[in-house]
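Note sheet for the following structure.
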Amino acid sequence: MAINYSNCLLISLSLFLIAFASNHANGEVLKVGFYHKTCPLVEVIVKEIVDDVISRVPSLAAPLLRMHYHDCFVRGCDGSVLLDSPTKQAEKDSIPNLSLRGYQIIDKVKTALEKSCPGIVSCADIVALVARDVTVAVKGPSWEVETGRRDGSVSNITEALFNLIPPFANITSLKQGFLQRGLSVKDLVVLSGSHTIGISHCSSFNDRLYNFTGKGDTDPSLDPNYIKHLKKKCPPNDQNTLVEMDPGSVGTFDNSYYKLVAKRRGLFTSDSALLDDSETKDYLKKQGINQYGSTFFKDFGESMIKMGRVQVLTGNQGEIRKVCSRVN
């Protein structure tokens, strides 16, 4: 069956605009300190758990940060990525989400918060707070997380497949995907910087090494020496080997990602695509000059705040789940 991606884009944009208007008509907005009176220790509890986890398993920082992206880009930031399905038809069962990890950490935070202030803090807000705290835990920036989200009750495997931007996306698809969520070209290049931490399976970029156009060729946008390096790690058709997205700096949130992309060493097609637009190219080259002259940390916090507002449920919309993996 042929898929009309233009229609999918228009439908997603319409849904975003409807939800945006609905949230404002509802008279509710996100704000910093939403739980100041109802659960004053919420951020302390989240941070204590996150710091303990990342001190023991630092590799969980990247997937827990990515979980916030994957939640917000499908139905908005409503915690729908956390829901289980007995028939394996939820967002988490979709191919782009099979590599997500750390659900048990979200559950651990939720359990602690339910003990401290039952029925108050949403799972969607927990995902947003955890994303900030894991970033800080690996020497990244901090920002004030707006809270007040409510949890959605729908999680669909197909919606995740169509709405999550794939690693093989070109610059046009990337810009459209961010635009339909109210995010700018700058937000695109800034949030792409999260690839400074984490790992990827060879299967996500193997075609760039061995069969880029279906003729057994390599991706000409990749540095040839980097291709040789990657081929040593990833044999043809390798589905399981893991590769660092930011070699030499995989465990530290810094600006080295931009230096790599500028040298044509971005691991994914979507990374290399940032060189195909004048605005994104200019940004990554400026940020890669030096660590201390970079505005990346400040920009990242601002873009994360913007992303955290996408299609949120507030007020009397949605619910506050007692358990993050299932509706009440």
Side-chain angles (χ1 to χ4, degrees), residues 3-23 30 62-103 106 122-131 145-146 149-169 173-184 187-188 191-192 194-195 198 204 268 270 303-314 317-319 321 324-327:
I3 299 171
N4 190 322
Y5 287 98
S6 296
N7 286 344
C8 289
L9 176 62
L10 290 173
I11 291 170
S12 297
L13 180 57
S14 297
L15 289 172
F16 169 77
L17 293 173
I18 290 170
F20 180 82
S22 176
N23 286 341
L30 303 180
L64 283 167
L65 172 58
R66 190 157 61 100
M67 191 178 291
H68 190 30
Y69 287 77
H70 285 222
D71 184 34
C72 292
F73 270 59
V74 183
R75 288 190 164 265
C77 314
D78 68 345
S80 54
V81 72
L82 306 172
L83 288 171
D84 286 338
S85 164
T87 56
K88 302 298 182 184
Q89 294 297 307
E91 288 175 31
K92 64 169 56 174
D93 303 305
S94 188
I95 291 174
N97 282 331
L98 294 180
S99 61
L100 284 182
R101 297 184 298 128
Y103 294 109
I106 303 298
S122 70
C123 297
D125 278 343
I126 291 172
V127 171
L129 290 165
V130 167
V145 177
E146 296 175 336
R149 300 168 190 80
R150 306 244 319 161
D151 298 321
S153 58
V154 177
S155 187
N156 185 289
I157 188 173
T158 305
E159 289 182 354
L161 186 62
F162 285 152
N163 284 283
L164 290 173
I165 300 174
F168 52 81
S173 297
L174 288 166
K175 289 166 69 173
Q176 287 178 341
F178 274 68
L179 174 63
Q180 73 185 72
R181 292 162 180 86
L183 299 172
S184 68
D187 294 321
L188 160 62
L191 294 176
S192 295
S194 64
H195 288 175
S204 295
F268 305 128
S270 58
S303 291
M304 287 294 286
I305 291 170
K306 284 182 64 178
M307 187 187 73
R309 297 169 179 163
V310 171
Q311 205 173 329
V312 293
L313 302 175
T314 59
Q317 300 171 324
E319 63 180 9
R321 286 186 221 138
C324 289
S325 59
R326 64 174 185 263
V327 297

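Side chain of S155 to backbone of A90: no donor-acceptor contact under 3.5 angstrom is found. A donor-acceptor pair under 3.5 Å is absent between the side-chain atoms of D78 and the main chain of D151, judged by distance alone. Judged by distance alone, the side chain of R75 and the main-chain N or O of N156 form no donor-acceptor pair under 3.5 Å. Under the 3.5 Å distance criterion, the side-chain polar atoms of D71 are matched with a main-chain donor or acceptor of G79. Looking at S192, its side chain does come within 3.5 Å of a backbone N or O of L188 through a donor-acceptor pair. Side chain of R150 to main chain of L313: no donor-acceptor pair is present (N/O by atom type, distance under 3.5 Å, no hydrogens or angles).
At least one side-chain heavy atom of I106 sits under 4.5 Å from a side-chain heavy atom of L64. Looking only at side-chain heavy atoms (C-beta outward), M307 and D187 stay at 4.5 Å or farther from each other. T158 has its side chain out of reach of Q89: every pair of non-hydrogen atoms, C-beta onward, lies at least 4.5 Å apart. Proximity of L164 to S94: side-chain heavy atoms (C-beta onward) are nowhere separated by under 4.5 Å. Proximity of D84 to R326: side-chain heavy atoms (C-beta onward) are nowhere separated by under 4.5 Å.
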Derivation and outcome, side chain to side chain contact (heavy atoms under 4.5 Å, CB included), residues K306 and L183: CA-CA 7 Å; K306 284 182 64 178; L183 299 172; 3.9 Å; yes
Step-by-step side chain to side chain contact (heavy atoms under 4.5 Å, CB included) determination, S270 to L174: CA-CA 7 Å; S270 58; L174 288 166; 4.0 Å; yes
Stepwise side chain to side chain contact (heavy atoms under 4.5 Å, CB included) test for V154 and S80: CA-CA 6 Å; V154 177; S80 54; over 6 Å; no
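Between the CG atom in L191 and the NE2 atom in H68 there is a gap of 9.5 Å [rounded to 0.5 Å]. Residue R101 holds its CZ atom at 9.0 Å from OG of S99, rounded to the nearest 0.5 Å. Separating the CG atom in N163 from the SG atom in C72 is a distance of 12.5 Å, to the nearest 0.5 Å. Taken from OG1 in T314 to CD in Q317, the straight-line distance is 5.0 Å, to the nearest 0.5 Å.
Closest heavy-atom contact between V310 and R181: CG2-O, 3.4 Å. Residues K88 and I157 come closest through the heavy atom pair O-CD1, 3.8 Å. In plain terms, the two heavy atoms of G198 and A62 that are nearest each other are CA-CB, 3.4 Å. Residues Y103 and V81 share a closest heavy-atom pair of CE2-O, 3.7 Å. Residues R321 and L82 share a closest heavy-atom pair of NH1-CB, 4.1 Å. Contact record, F268 with S204: CE2-CB, 3.8 Å, taken as the closest heavy-atom pair.
Remark: Y69 engages no residue in a ring pair (Phe, Tyr, Trp, His ring centres under 6.0 Å) (not counting sequence neighbours).
The only option from Q311, R149, R309 that meets the side-chain contact (heavy atoms from CB on, under 4.5 Å) definition with C77 turns out to be R149. For the side chain to side chain donor-acceptor pair (under 3.5 Å) with N97, the qualifying choice from E91, R66, K92, H70 is H70, the only one to do so.
F73 has its ring centre no less than 6.0 Å from the ring centre of F162.
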